[in-house]
S.K.: 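Following this message is one structure expressed as C-alpha cells.
Numbers here are sequence positions counted from 1. All values below come from the heavy atoms of this structure, side chains included, with hydrogens, waters and symmetry mates left out.
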Amino acid sequence: YFFIGCLCVIIQWLCTMCSMLYVLCHMIRTVEKILLDFDPDLKNLLPALKKINASFGHVGEKEAQKTADYFSVPLSKVHETASFYDLIKTKRQPDLLIQVCSGANCAVKSSFRVVSEIENQLHIKAGDDFNPKVKLEVISCLGQCGSGPVVIVNENVFTKVSSSSVADILKNYIKNK
C-alpha cells in the first residue's frame, strides 16, 4: 500500500506540472504566433514590428530574421524599418529608460535643460550605453507639443517637465536601483 500511495502522489504531481507547463506554453507569445496575426504583405511589416517590440521589449536579431523570412524581405529592410522609429527598440532595454522629447516645441520650452539636469543627477550622458541598467535618450517629437517638455520614464509619460521637477520624477525610479 505504501508503494501505491507514493505512486499516486507522484502521478498527481506530474499531472499538476504538465497542466502548468501547458498553460505557460500557451501564454508565451512567440514571434511566429505574432507574425501569423498579419498577412505577409509589406504594409504589415511596421505593425508586426510594433507588436513584437511590445511583446519582447525589443526586436532582436533572431526576431528580425524571422520577420524578414516571414515577409520575404531582406534583413536590412527589417532593420531599416525598425531603426527608423524611436519607439521600436533593436536592443534589449535597460531597467531604467528615460526619454526626453527634442521636438521643436519641447526644445523651445527648455527640454535640453531637462536633459542636462537628468545627466547631472544620474551621472550619465544622453545616448551613452556605458551603464547597462540606465539609459537617457533624446528622441524626436512625441506629438504632445502643447504639453512639452515631455519625458518618458519606463513608458510612463510626464508632461510640462522642468529642470526643477526632474528630481521628483526620478526619485520614484532610482530608490530601488
Side-chain angles (χ1 to χ4, degrees), residues 24 27-31 33-35 37-38 42-67 71 76-177:
L24 283 173
M27 286 174 51
I28 295 172
R29 295 284 302 188
T30 64
V31 175
K33 285 182 182 177
I34 292 170
L35 291 172
D37 290 343
F38 300 93
L42 192 56
K43 68 181 180 182
N44 293 323
L45 178 59
L46 180 59
L49 289 171
K50 285 180 177 180
K51 196 165 186 179
I52 292 167
N53 186 72
S55 294
F56 297 102
H58 72 291
V59 179
E61 196 60 36
K62 284 190 258 184
E63 294 85 2
Q65 184 61 60
K66 288 178 182 179
T67 303
F71 283 99
S76 61
K77 179 67 176 172
V78 173
H79 284 298
E80 171 189 320
T81 304
S83 64
F84 181 78
Y85 295 94
D86 285 333
L87 296 178
I88 296 178
K89 302 300 174 192
T90 55
K91 295 179 183 175
R92 183 171 306 282
Q93 295 304 296
D95 296 337
L96 180 59
L97 177 62
I98 305 164
Q99 300 168 304
V100 181
C101 179
S102 67
N105 282 344
C106 286
V108 166
K109 296 176 183 174
S110 302
S111 65
F112 290 102
R113 286 189 192 151
V114 171
V115 170
S116 183
E117 183 61 25
I118 295 169
E119 289 175 334
N120 289 335
Q121 288 200 20
L122 297 180
H123 308 290
I124 60 173
K125 288 289 183 192
D128 284 350
D129 289 323
F130 297 120
N131 186 338
K133 294 187 178 207
V134 180
K135 183 166 185 177
L136 172 61
E137 295 179 334
V138 177
I139 61 174
S140 58
C141 183
L142 293 168
Q144 296 189 24
C145 300
S147 302
V150 177
V151 174
I152 301 174
V153 182
N154 288 355
E155 299 183 12
N156 296 310
V157 179
F158 297 90
T159 58
K160 298 184 179 176
V161 177
S162 65
S163 56
S164 61
S165 65
V166 165
D168 285 335
I169 292 170
L170 293 180
K171 73 180 177 187
N172 295 318
Y173 296 93
I174 57 176
K175 65 181 176 186
N176 298 327
K177 299 294 173 212

S.K.: Taking C-beta and beyond as the side chain, do F56 and I34 meet within less than 4.5 Å on heavy atoms?
M.R.: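 The answer is yes; the side chains approach within 4.5 Å.
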S.K.: By side chain to side chain contact (heavy atoms under 4.5 Å, CB included), which residues pair with I124, not counting sequence neighbours?
M.R.: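 Partners of I124 by the side chain to side chain contact (heavy atoms under 4.5 Å, CB included) criterion, ordered by chain and then number, come out as L122, V134, L136.
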S.K.: For the residue pair V78 and F71, establish whether any side-chain heavy-atom pair is separated by less than 4.5 Å.
M.R.: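 Answer no - side chains too far apart.
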S.K.: Can you give me the closest heavy-atom contact between A64 and V59, atom names plus distance?
M.R.: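 For A64 versus V59, the nearest heavy atoms are N-CG1, 4.0 Å.
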S.K.: How would you list, by chain and number, every residue that makes a side chain to side chain contact (heavy atoms under 4.5 Å, CB included) with L46, sequence neighbours excluded?
M.R.: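 Listed in chain order: K50, T81, Y85, I88.
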S.K.: Please report the closest heavy-atom contact between S111 and V100, naming both atoms and the distance.
M.R.: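 Nearest heavy atoms, S111 then V100: O-CG1, 3.9 Å.
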S.K.: Closest approach of C101 and C106, non-hydrogen atoms and distance?
M.R.: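 It is SG-SG, 3.5 Å.
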S.K.: Is it the case that the side chain of E63 and the backbone of G60 share a donor-acceptor pair, with hydrogens and angles ignored and the cut-off at 3.5 Å?
M.R.: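 Yes; judged by distance alone, with no hydrogens or angles, the pair exists.
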S.K.: Can you check whether V157 reaches Q144 side chain to side chain, under 4.5 Å on heavy atoms?
M.R.: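 In short, these two side chains touch, coming nearer than 4.5 Å.
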S.K.: I'd like to check the salt bridge (Lys or Arg N to Asp or Glu O under 4.0 Å) partners of E61; sequence neighbours left out, ordered by chain and number.
M.R.: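 E61: no salt bridge (Lys or Arg N to Asp or Glu O under 4.0 Å) contacts found.
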S.K.: When rounded to the nearest 0.5 angstrom, what distance separates CG in L170 from CG in L96?
M.R.: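 The CG atom of L96 is 7.0 Å from CG of L170, to the nearest 0.5 Å.
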S.K.: Under the 3.5 angstrom rule, does the side chain of K109 hit a backbone N or O of V161 as a donor-acceptor pair?
M.R.: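 It does not hold such a pair.
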S.K.: Determine the sole option in V114, V153, I118, I98 for which the side-chain contact (heavy atoms from CB on, under 4.5 Å) test with I169 is passed.
M.R.: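 Filter result, single survivor: V153.
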S.K.: Could you measure the distance from the NZ atom of K77 to the OG1 atom of T67? Nearest 0.5 Å is fine.
M.R.: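 Between K77 NZ and T67 OG1, I get 13.5 Å after rounding to 0.5 Å.
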S.K.: Provide the closest heavy-atom pair for P132 versus P94 in the form atom of the first, atom of the second, distance.
M.R.: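 Looks like O-CB, 3.2 Å.
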S.K.: Search all heavy atoms of T90 against all heavy atoms of A82 and return the closest pair with its distance.
M.R.: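 Closest heavy-atom pair between T90 and A82: CG2-CB, 3.9 Å.
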S.K.: Spell out, as yes or no, whether a donor-acceptor pair under 3.5 Å connects the side chain of S102 to the backbone of I139.
M.R.: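 Side chain of S102 to backbone of I139: a pair is present.
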S.K.: Distance-only, no hydrogens or angles: does the N120 side chain make a donor-acceptor pair with backbone N or O of S116 under 3.5 Å?
M.R.: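 Yes, N120 side chain to S116 backbone: donor-acceptor pair under 3.5 Å.
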S.K.: For K66, which residues count as a salt bridge (Lys or Arg N to Asp or Glu O under 4.0 Å) partner, sequence neighbours excluded?
M.R.: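 Checked K66 against salt bridge (Lys or Arg N to Asp or Glu O under 4.0 Å); matches are E32.
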S.K.: For A107 and F112, work out which heavy atoms get closest and say how close.
M.R.: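 Minimum heavy-atom separation between A107 and F112: CB-CE1, 3.8 Å.
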S.K.: Look up atom CD1 in I174 and atom CD in Q121, then write down how far apart they are to the nearest 0.5 Å.
M.R.: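 Those atoms lie 6.5 Å apart.
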S.K.: Under 4.5 Å between any side-chain heavy atoms of L35 and I52, yes or no?
M.R.: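 Of all side-chain heavy-atom pairs linking I52 with L35, at least one is under 4.5 Å.
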S.K.: Residues two or more places apart in sequence or in another chain: which of them pass side chain to side chain contact (heavy atoms under 4.5 Å, CB included) with K125?
M.R.: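 Only E119, D128 meet the side chain to side chain contact (heavy atoms under 4.5 Å, CB included) criterion with K125.
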S.K.: What residues form a salt bridge (Lys or Arg N to Asp or Glu O under 4.0 Å) with E137, not counting sequence neighbours?
M.R.: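 With neighbours one apart ignored, the set is K89, K135.
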S.K.: In Å, rounded to the nearest 0.5 Å, how long is the span from CD of Q99 to CG of N154?
M.R.: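 Reported to 0.5 Å precision, the distance equals 9.0 Å.
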S.K.: Evaluate H58 against R92 for side chain to side chain contact (heavy atoms under 4.5 Å, CB included), listing each step before the verdict.
M.R.: CA-CA 6 Å; H58 72 291; R92 183 171 306 282; 3.9 Å; yes
